[in-house]
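Written out below as structure tokens is the structure these notes cover.
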Amino acid sequence: MIKEKLVELISATWLKLCDGEVIDNNFVIEEPPKNIQADFATNICFQGARLIKNSPIKIAEKFIELINENKVDMIEDIFIAGPGFVNFILKKELFIEEALTRFNSKNYVIKTKNSDKILIEFVSANPTGPLHIGHARGAAIGDSLARILTRLGHAVDKEYYVNNAGNQIDVLAKTLDVRYQQLQGKDIELPDESYRGKYMIEIAEQIGIQSGEIDFKKIVIAKILDLIEGDLKKFNIDFHNWFLETSLIEDEQFDFAIERLKRSGHLKLVDGAWWLMAGDLGDDDKNRVVIRQDGRPTYFATDIAYHANKFKRGYDKLINIWGADHHGYVARIKAAVSYLGHEQDDLNIVLYNLVSLLRNGQKIPMSTRAGEFISLAEVINEVGVDATRFFLLMRDGNSSLDFDLELAKAQSSDNPVYYVQYARARIFSILRKASEDGVKPSNDDFLKTIKEKEELNLIKMILKYSDIVALAAKECSSHHISMYLQELAAKFHNYYAKYKISEQPGRLILIMMIADIIADGLDLLGVSAPDRM
RNA sequence: GCGCCUGUAGCUCAGCUGGAUAGAGCGUCGGACUUCGAAUCCGCAGGUCGUAGGUUCGAAUCCUACCAGGCGUACCA
């Protein structure tokens, strides 16, 4: 709100200065560097120097003159610094009042204007075994993004796409078949192509003695999905919908999408197979097979149908969270979506790089097929949900991540997640103490007595939270939030060390705001916020 | 070969659509608890932002080439 007013003021002043030469909001308002004492700075005079031929400094001088003439009441001081930045110091009451408004309404995040219905699809691991740490990164990113978008006012559904058709599932069913027969005492070996993890034996044990035909495929998918769903629940994640690949065929969604593509002229029969001609149009590196010569659809074909179906269900925007090893797939699915008549930008594919699980710096080899891996459930047991989630969300998804179990455990006492949680627990402790001493929080005192530099910095930080959440949504990356929370916690700890809080009713309001925001931010990451630790 | 991602302090990483003296955490070293929780705080040290050019008032950020690592380039899923 404060920033918006400032934008208006700057735009209006610019119009006067250059006599109507529109600058088209092509300037920024930002925080000045630490050595400069000001609330905001703008680079408008640099941008303006391009339009009207004059030096930035000269323009800045005139700019300030104009503002001073009009006696704008929100401004305490205004000055030039560096090669032509205009710096603003605003009346501190503006910040204090704004913070109190948000505190009283418990609305620390300004909602976005559009309320798009969004479908976010993530994890979608093939149901061939338990989840591991790599899936967990996608899970944490997707779930957190869903929470963020919801907070901003969107209607968000979370979906898991289940690949319950295809080769892998046949191999899986065969593995279960053999394991079952082995349990019955038969002396047969697993085929080379098998899933060797011990969870397959456990599933076989659960079948028990049955007469007649056993549908191993049906059993194995159901059991493994149970396993996956259970692991995700432990990880604090649930889905609105589990979408079965096979339902596309059953519900004729598949035929619908393929027909539509054929009609669009982008699907052509060449050498007995149907190809998506995206390569010829420059939308992809090459054309891709959708229906094989033998008439069987490729994975790509069902995926096209799946995306067509998502839009058909009424979602305005689709978000997919994919491992970066699938990046080569992005162009073709986007091409397909556009040939189906949708905007490419309505499908947003967020990629995250893969996670290496380490122990004492040694890489742990992972292979679902060979049954050698540490499952997500084991990681959670060892490290804890909060630390695991925070760790996975601490950095930008673009870079690969080393997750060292020993490090995560060894660090547990000064792990960033506990640092943030502790700040909030500490606040509750102060509030308890104040309550015992009969000191009550007071809005009035907050308005009147808050004046220290550290307090004003904290208040600005509180107001900034809304921007951070919006940024995280825009860039589809929660790491901005975890970074912000660490900084907020640090500022609070520093403030605590310097000032006595519990005896001042105004300060109690300030720390309650901080506690609110820490709880809100941690919730967006899917991390708990205990009152005591 | 072509395409995508990554390269910033000893280590792990931030750095928003180009901005003013590039920042945290961990680690090293040195300080602070008879006080609202020391799971904390304060301080010192640590950098040719992979390399070389280019664009401009201004580049870690944009462009080009190169170097290094990862991933992808199936009628697999």
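Chain identifiers are assigned alphabetically (A, B, ...) following the order of the sequence lines, protein sequences preceding nucleic acid strands; residue numbering begins at 1 within each chain.
Using a cut-off of 4.0 Å between Lys/Arg side-chain N and Asp/Glu carboxylate O, Lys491(A) and Glu454(A) are scored as not salt-bridged. Using a cutoff of 4.0 Å between basic side-chain nitrogens and carboxylate oxygens, Glu455(A) and Lys451(A) are not scored as salt-bridged. Taking a cutoff of 4.0 Å between a charged side-chain nitrogen and a carboxylate oxygen, Lys464(A) and Glu31(A) qualify as a salt bridge. Salt bridge Asp531(A)/Arg424(A): present, at least one basic N to carboxylate O contact under 4.0 Å. A salt bridge links Glu382(A) with Arg359(A); the closest basic N to acidic carboxylate O contact falls under 4.0 Å.
Among C75(B), C36(B), A20(B), the nucleotide with an atom closest to any side-chain atom of Gln293(A) is C75(B). Side-chain proximity of Lys286(A) to the nucleotides A20(B), U73(B), A14(B) is greatest for U73(B). Of the listed nucleotides (C36(B), A14(B), A77(B)), A14(B) has the atom at the smallest distance from the side chain of Met483(A). Set against A14(B), A20(B), C75(B), the side chain of Asn87(A) has A20(B) as its closest nucleotide.
For Asp325(A) and G72(B), a side-chain-to-base donor-acceptor distance below 3.5 Å is absent, hydrogens and geometry of angles not being considered. No N or O donor and acceptor, one from the side chain of Asp303(A) and one from the base of A77(B), sit under 3.5 Å apart.
Comparing Lys433(A) and Arg292(A) against RNA chain B, the residue whose closest nucleotide sits nearer the 5' end is Lys433(A). Residue-to-nucleotide proximity on RNA chain B shows that, of Asp294(A) and Ile29(A), the 5′-proximal contact is made by Ile29(A).
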Distances for protein N or O near nucleotides 44-46 of chain B N or O, under 3.5 Å:
none

Please write out each protein N/O paired with an N/O of nucleotides 39-43 of chain B under 3.5 Å, distance rounded to 0.1 Å.
{"from": "A39(B)", "atom 1": "N6", "to": "Met533(A)", "atom 2": "O", "distance (Å)": "3.4"}
{"from": "U40(B)", "atom 1": "O2'", "to": "Arg426(A)", "atom 2": "NH1", "distance (Å)": "3.0"}
{"from": "C41(B)", "atom 1": "OP1", "to": "Tyr419(A)", "atom 2": "OH", "distance (Å)": "2.4"}
{"from": "C42(B)", "atom 1": "OP1", "to": "Asn494(A)", "atom 2": "ND2", "distance (Å)": "2.6"}

Under 3.5 Å between N/O atoms: give me all the protein pairs with nucleotides 21-23 of chain B, atom names plus distance.
{"from": "U21(B)", "atom 1": "O4", "to": "Asn35(A)", "atom 2": "ND2", "distance (Å)": "3.1"}

Distances under 3.5 Å only, N/O to N/O: pair up the protein atoms with those of nucleotides 4-8 of chain B.
{"from": "C5(B)", "atom 1": "O2'", "to": "Asn353(A)", "atom 2": "ND2", "distance (Å)": "3.3"}
{"from": "C5(B)", "atom 1": "O2'", "to": "Asn398(A)", "atom 2": "O", "distance (Å)": "2.8"}

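The shortest distance between the side-chain N/O atoms of Arg332(A) and the OP1/OP2 oxygens of G3(B) is not below 4.0 Å. Checking the phosphate oxygens (OP1, OP2) of G37(B), a side-chain nitrogen or oxygen of Ser429(A) falls inside 4.0 Å.
Using a 4.0 Å heavy-atom distance criterion, Phe428(A) is classed as making no nucleic acid contact. Heavy atoms of Asp396(A) sit under 4.0 angstrom from primed sugar atoms or phosphate atoms, though from no base atom. Base contact: Ile36(A) has a heavy atom under 4.0 Å from a base atom. His480(A) comes within contact range of the sugar-phosphate backbone alone, with a heavy-atom separation under 4.0 Å but no base atom that close. When heavy atoms are screened at a 4.0 angstrom cut-off, Ala434(A) is found touching no nucleic acid atom at all. Among the atoms of the strands shown, none is found under 4.0 Å from any heavy atom of Pro56(A). Here Gln421(A) lies out of heavy-atom contact (under 4.0 Å) with every strand. Within the nucleic acid shown, Asn167(A) comes within 4.0 Å of sugar-phosphate atoms alone, with no base atom in reach, counting heavy atoms only. Among the heavy atoms of the strands, none lies under 4.0 Å from Arg432(A). Counting any heavy atom pair closer than 4.0 Å across all strands shown, Ala41(A) reaches a base atom.
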- Query: Please, what dot-bracket string fits RNA chain B when only Watson-Crick and G-U pairs with both distances under 3.5 Å count, crossing ones use [ ] and pairs to another strand use |?
  - Reply: (((((((..((((.....[...))))..((((.......))))......(((((..]....))))))))))))....

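Atom pair His326(A):NE2 and A74(B):C1' shows a separation of 13 Å (rounding to whole Å applied).
G18(B) and C11(B) are spaced 30 Å apart, taking the C1' atom of each and rounding to whole Å. The C1' atoms of G25(B) and G19(B) are separated by 26 Å, rounded to the nearest whole Å. Nucleotides G43(B) and A24(B) are separated by 10 Å at their P atoms, to the nearest Å. Taking atom P in both A22(B) and G54(B), the straight-line distance is 23 Å, to the nearest Å.
Geometric assessment of Arg532(A) against the ring of Phe428(A) yields a negative cation-pi assignment under the 6.0 Å and 45° thresholds.
Near-neighbour residues of RNA chain B inside residues 453-471 of chain A, defined by a heavy atom below 4.0 Å, number-ordered: Leu471(A).
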- Message: Assess the residue pair Lys310(A) and Glu121(A) against the criterion (salt bridge (Lys or Arg N to Asp or Glu O under 4.0 Å)); give the C-alpha distance rounded to whole Å, side-chain angles, the decisive distance to 0.1 Å, and a yes or no.
- Response: CA-CA 10 Å; Lys310(A) 287 182 184 178; Glu121(A) 181 222 321; 2.8 Å; yes

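Residues Leu152(A) and Ile110(A) share a closest heavy-atom pair of CD2-O, 3.7 Å.
With ring centers used as reference points, Tyr160(A) lies 6.0 Å or more from Phe122(A).
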